[in-house]
Amino acid sequence: MQHKRDLLTLLQLTQEEITQIIHESFAEKSRVKRGEGYVPVLAGRAVFTIYEKPSTRTRASFNRAASLLGITVIESTREHMQLSRGETLKDTALVLSRYVDAIAARVLHHSTLEELAHHAAIPVINLLSDKYHPLQALADVMTILEYFPNRKVKVAFIGDGSANTCHSLMIACASLGMDFTVGCPPEYAPDSQVIAAARVRARKQGCTVEVVESPAEAVHMADVIYTDTWFSMGVKDIEKRREAFPPYQVNSELLAHASEDAIVLHCQPWFLGQEITADVAYSPRSKAFEQAENRLYTSMAVLKFLLAGGASHT
Ligand code: CP
Ligand code: NVA
C-alpha cells in the first residue's frame, strides 16, 4: 500500500510535484471554463474538515473543488466536535481515519496539524495554520504564472514576513525559480528555518530569497507585489503591530518602484487603508480576485494528487 501523503507545508512536496500540481491546476481551470468541470473521478471519497478560525475563500473553494471531483465534504468546527470537551487529537485522528479519506483543517497552532497527521492513517491537509498556508501559495504561483508565463519574475512580499502566507509563498517561489524578496520590519521577519529551507530550493532553481527592511528596496523592479493583513487571525501583539507596519502599506507611491507592468496580489480578506489602499486593491493591476478564483483549481489538483496518486484522469 502506498504511504499516505500529508500537505501541511509545501516543503512536503518536491519541486517537481509542485510543478505537476500547478500544471494540473491549469488543466482543471480549462475544463471548468469549458463547462466540463464536473468529472467525479473521486466519487465515493470523503474529506472531514475542521475549522478553528473563520474562512470564506478556503471553505468555498475547497468544498466546491471536492464536489466537482465527486468527493463528499463533512464540515465541522472545533466547537462542534468532542475536541471541545477535551477529546484528544490522537483519538480524533484515529477515529476519523475509519470513516473518511482525508482530514483538512484550519488551525490556530501548526502543531495541531502535525499531531493529527502523526496519528491519522489518511492524508491531512493544511487549510491555514499560524505558520503556513500552502493551498493559498499554490494559487498564488498559479496566478503569477498566468500573468507572466515566460518571465523570470521577481516577487516582493511587503508587510508581515512572519505570516503564514509569506512562508508558503517563499517556498513556492523558490521551488519554481522565482526571485523572492520580503520587505518587512525586522521584528516581523520570516522564520529563519523557513528561509533556510527555501534557499536550498532556490539554489537548485537559480533564484534568490532575500529579506530587507526597506519596502521600496524590496519592490524595486518587482513584477509581483504581494501583501497580507498586518493582523493575522490569532495574533495578540496588536499595539506593536500597529506601530511597526504603517511604512509597509502597498499604495501607488510604493508601486512606482516596481516594474511598469507589475501586478498586485493579496490573499484576502484585505483591510483597506491598512496594508493596501483601496485604489490599488481595485485597480487593473490588482489580480486578487483572479487569484482567489484560482484557489478552486489548485484545490482540485491537490485533492487529486493526494487522493488519486496525482494521476490526471482525462
Ligand atoms: N485567503 C483565504 O484563505 O481566505 P479565507 O480566510 O476567506 O479562507
Ligand atoms: N495571514 C492571514 C491570512 C488570511 C487568509 C491570517 O492568518 O489571518
S.K.: Compute the ring centroids of W270 and F231, then answer whether they are less than 6.0 Å apart.
M.R.: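 W270 vs F231: aromatic centres not under 6.0 Å.
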S.K.: Does the side chain of Q249 reach to within under 4.5 Å of the side chain of E275, using non-hydrogen atoms?
M.R.: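 In short, these two side chains do not touch, never coming nearer than 4.5 Å.
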S.K.: Report the C-alpha distance between K4 and D101 in whole Å, list the side-chain angles of each, state the deciding distance to 0.1 Å, and finish with yes or no for salt bridge (charged side-chain N to carboxylate O under 4.0 Å, His left out).
M.R.: CA-CA 10 Å; K4 65 120 175 179; D101 302 282; over 6 Å; no
S.K.: Using atom types as modelled and distance alone, determine if a side-chain donor or acceptor of S175 lies under 3.5 Å from a backbone N or O of Q15.
M.R.: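 Checking the backbone N and O of Q15 against the side chain of S175, no donor-acceptor pair under 3.5 Å is found.
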S.K.: Should L176 and I18 be marked as a side-chain contact (heavy atoms from CB on, under 4.5 Å) after you check the CA-CA gap, both sets of side-chain angles, and the distance that decides it?
M.R.: CA-CA 8 Å; L176 298 180; I18 292 175; 4.0 Å; yes
S.K.: Determine whether D223 and V155 make a side-chain contact, defined as any pair of heavy atoms from C-beta on separated by less than 4.5 Å.
M.R.: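 No, too far: nothing below the 4.5 Å cut-off.
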S.K.: Near R98 CZ, under 6.0 Å, is it more than 12 heavy atoms from other residues, nucleotides or ligands?
M.R.: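 Check fails, neighbour count at 12 or below.
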S.K.: What's the separation between atom CG in L128 and atom CG in L108, rounded to the nearest 0.5 Å?
M.R.: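 Atom-to-atom, L128:CG and L108:CG are 9.5 Å apart.
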S.K.: Go through V264 and S283 one step at a time and tell me if the side-chain contact (heavy atoms from CB on, under 4.5 Å) criterion holds.
M.R.: CA-CA 9 Å; V264 174; S283 71; 5.6 Å; no
S.K.: How close do P269 and H266 get, counting heavy atoms only, and between which atoms?
M.R.: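 So the minimum-distance heavy-atom pair works out to O-CE1, 3.4 Å.
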S.K.: So, do D160 and R241 sit near enough that their side-chain heavy atoms are less than 4.5 Å apart?
M.R.: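 Side-chain contact under 4.5 Å: yes.
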S.K.: Clusters formed by hydrophobic residues whose side-chain heavy atoms approach within less than 4.5 Å: which one holds L96, and what are its other members?
M.R.: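 Its cluster mates, by chain and number, are L8, F48, I50, I74, M81, L83, L89, V95, Y99, V100, I103, V107, L113, L116, I122, V124.
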S.K.: Parallel under 30°, tilted from 30 to 60°, perpendicular over 60°: which one fits the rings of Y282 and F289?
M.R.: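 Parallel: the ring planes of Y282 and F289 meet at under 30°.
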S.K.: Could you pull out all donor-acceptor pairs under 3.5 Å where a side-chain atom in residues 139-146 meets a protein atom, sequence neighbours excluded?
M.R.:
| residue | atom | partner | partner atom | Å |
| --- | --- | --- | --- | --- |
| D140 | OD1 | Q136 | NE2 | 2.8 |
| D140 | OD1 | Y226 | OH | 3.4 |
| D140 | OD1 | Q291 | NE2 | 2.8 |
| D140 | OD2 | Y226 | OH | 2.8 |
| T143 | OG1 | A139 | O | 2.6 |
| T143 | OG1 | N294 | ND2 | 3.0 |
| E146 | OE1 | N294 | ND2 | 2.9 |
| E146 | OE2 | K29 | NZ | 2.7 |

S.K.: Quick one: is the NZ or CZ of R295 closer than 6.0 Å to the six-membered ring centre of F62, and within 45° of its axis?
M.R.: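 Here R295 fails the 6.0 Å and 45° test against F62.
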S.K.: Does V39 reach the side chain of L68, with side-chain heavy atoms less than 4.5 Å apart?
M.R.: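 No. Closest side-chain heavy atoms not under 4.5 Å.
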S.K.: Closest heavy-atom contact between E79 and Y51?
M.R.: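 Shortest heavy-atom separation between E79 and Y51 comes out as OE2-O, 4.4 Å.
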S.K.: Can you check whether A120's main-chain N or O pairs, donor with acceptor, with S97's side chain at less than 3.5 Å?
M.R.: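 Judged by distance alone, no pair lies under 3.5 Å.
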S.K.: Would you say the ring centers of Y248 and Y188 fall short of 6.0 Å from each other?
M.R.: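 No - the distance between ring centres of Y248 and Y188 does not fall below the 6.0 Å cut-off.
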S.K.: Could you tell me whether the side chain of T112 reaches within less than 4.5 Å of the side chain of E52, counting heavy atoms only?
M.R.: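 E52 reaches T112 side chain to side chain.
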S.K.: Do V302 and L7 pass the side-chain contact (heavy atoms from CB on, under 4.5 Å) test, and can you show the C-alpha distance, the side-chain angles, and the key distance before you say yes or no?
M.R.: CA-CA 9 Å; V302 164; L7 182 54; 3.8 Å; yes
S.K.: Other residues, nucleotides and ligands only: do more than 12 of their heavy atoms fall within 6.0 Å of NZ on K152?
M.R.: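 Result for NZ/K152: enclosed.
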S.K.: Within a strict 4.5 Å, meaning less than it, do heavy atoms of the N63 and S67 side chains meet?
M.R.: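 Not in contact.
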S.K.: Report the C-alpha distance between L138 and L10 in whole Å, list the side-chain angles of each, state the deciding distance to 0.1 Å, and finish with yes or no for side-chain contact (heavy atoms from CB on, under 4.5 Å).
M.R.: CA-CA 9 Å; L138 289 170; L10 293 178; 3.9 Å; yes
S.K.: Check E36 with R31, please: is the shortest side-chain N to carboxylate O separation under 4.0 Å?
M.R.: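 Here R31 does not pair with E36 in a salt bridge, since their nearest N and O are not under 4.0 Å apart.
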S.K.: Do P247 and E213 make a side-chain contact, defined as non-hydrogen atoms from C-beta onward lying under 4.5 Å apart?
M.R.: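 P247 does not reach E213 side chain to side chain.
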S.K.: Closer than 4.0 angstrom, basic N to acidic O: yes or no for K304 and E28?
M.R.: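 Yes, K304 and E28 are salt-bridged.
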S.K.: Would you name the heavy atoms of S168 and P134 that are closest together and state the gap between them?
M.R.: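 Smallest heavy-atom distance, with atoms named: OG-N, 3.5 Å.
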S.K.: Using side-chain heavy atoms (C-beta onward) and a distance below 4.5 Å, is E260 in contact with M221?
M.R.: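 Side-chain contact under 4.5 Å: no.
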S.K.: Please find the pair of heavy atoms, one from K131 and one from V194, that lie closest to each other, and give the distance.
M.R.: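 Here K131 and V194 meet closest at CE-CG2, 4.0 Å.
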S.K.: What's the shortest heavy-atom distance between L42 and A308, and which atoms?
M.R.: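 Closest approach of L42 to A308, heavy atoms only: CD2-CB, 3.6 Å.
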S.K.: Write down the atom of K154, the atom of H220, and the distance for their closest heavy-atom approach.
M.R.: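 Closest pair (atom of K154, atom of H220, distance): NZ-O, 2.8 Å.
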S.K.: Checking side-chain polar atoms at under 3.5 Å, does T77 have a donor or acceptor matched by the opposite partner on H80?
M.R.: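 Judged by distance alone, the side chains do pair up.
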